[in-house]
Structure formats: structure tokens, C-alpha cells
Amino acid sequence: MLFPDISLIKDKRKQAGLTQKQLSIETGLSQSLIAKIESKKVSPSYSAIKTIFEKIDQLSHKKEGSCKDFLNKHLISIPSTNTIGKASETMIKNSVSQLPVFEKNRVIGNISEEIIYSKILESNNKKALFKKQIKEIMADPLPIISASTPIKLAMPLLKTNSGLLLTEKDRIMGIITKEDIITRL
């Protein structure tokens, strides 16, 4: 594992909102050692540097929150065998723009207003389209990540995905969307 330059410890500690004493307590290293490292009066061991950087990183992410803090537990999903018309009705009824698609207890895809709309533009017969099964036009499933993932690490995934499914102990707990981030920051 590569670490930033040792001279950045003081800056990173301050960015995390930690005093030398707090960092000492969190890492189990003496406050005097941390002070000496920051003032470049000592050449620290690899294990000391590793402990310091990992703890600062961990505490920084903890402060920012995890995906669980933004979790929308009201996950509305739909079976793959339902019709596109049923998916459309479900989205309208629940004021959502997408639905994870399940087959038994497994996520196999995603259906969204955007997908349905593009198929309407391509289709000559809307009624026939709305009778097709969702699995005929669905997209790949949304990414699935742990609910304990730091929100800072999950946010870039939302640049290219309309949502993220969150798990805890291999069970889908809910969804997080851009709207969840925007409204809860």
C-alpha cells in the first residue's frame, strides 16, 4: 500500500479535525511521537506511518458518513415477468423513475422511464410495447455495494449510474440515488 508523503500527516490530521492527542488515542501511538513525526525530528517506522494514515483515512470517512446514512429503505422493485405497462404504472404510482428488476430473490436488471421512453420513440405500436415483459427491454442491474461504503467513495459511481443498490450481510437493504444525496447533504 502506498502512502502520501510523510510531510502531509499534519495537514491530513487537521483536515480530519483531529488534534495530536486525539490521533494518539486513536492510533495507540504516543503524542510525542506524532509531534516528532510532524516536525520531522524522527524517522518513523513503516508500521507507525501505516497506522497513522489508515486511522486518519478511517476517521475522515466516518465523519463524512456512509451510504447507509443516505439509504432509502423504501425499495420498490418489480419482477422480470411483469409487463412494461405495469412497470410504468408502478413508477407513476410511487413517484420513482426506475425500478430494480428481480427474478426470484436475485436482481437481474433495471427498468427506467428513460428506457421505456426510448422504446416508445422506436415503436410504432405503444399498446403492443406496453404488453411486452420487462425482461425484453431492461438494462443491466444497478451496481450493488455495501451499505457501510463511505459516501465519498460511492458518489463517483452515481455520475454514471442512476442509483446504487445497498447491501448488508448479503441482503439488499435499499437504494441510494442522486436525489437522496442532494436532499440529505
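Model, not experiment: these values are computed from the prediction.
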Side-chain donor-acceptor pair present, E113, S97, cut-off under 3.5 Å: no
Just checking, any donor-acceptor pair under 3.5 angstrom between side chains of Q98 and S162?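 Their side chains do contain a donor-acceptor pair, which is all the 3.5 Å distance test asks for.
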Flag, side chain of [X] to backbone of [Y], donor-acceptor distance under 3.5 Å:
X	Y	value
S24	Q31	yes
Q22	T19	yes
D57	F53	no
N72	H74	yes
S39	A35	yes
D11	L8	no

Residues pairing under salt bridge (Lys or Arg N to Asp or Glu O under 4.0 Å) where one sits in residues 15-30, two or more places apart or in two chains, turn out to be E26-K55
Show which residues join I76 in its hydrophobic cluster (side-chain heavy-atom contacts under 4.5 Å, direct or indirect), or state none.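 I76 clusters with I78, I84, M91, V96, L99, V101, I108, I111, I115, I116, I120, L129, F130, I134, I137, M138.
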[atom1]-[atom2] distance between [X] and [Y], expressed to the nearest 0.5 angstrom:
X	Y	atom1	atom2	result
S32	K41	OG	NZ	11.5 Å
L71	C67	CG	SG	9.0 Å
S146	K169	OG	NZ	11.5 Å

Atom of [X], atom of [Y] and distance for their closest heavy-atom approach:
X	Y	value
R13	Q20	NH1-N, 3.5 Å
T83	K131	CG2-O, 3.6 Å
S66	S148	CB-O, 3.7 Å
D180	T177	OD2-N, 2.8 Å
L75	P100	CD1-CG, 3.6 Å
L29	A48	CD1-O, 3.9 Å

Do [X] and [Y] land in one hydrophobic cluster if side-chain heavy atoms of ILVMFWY residues count as linked below 4.5 Å?
X	Y	result
I175	L158	no
I151	M173	yes
L33	I9	yes
I56	I25	no
I172	F70	no

Sole residue of D170, L166, L164, L165 in side chain to side chain contact (heavy atoms under 4.5 Å, CB included) with I144: L165
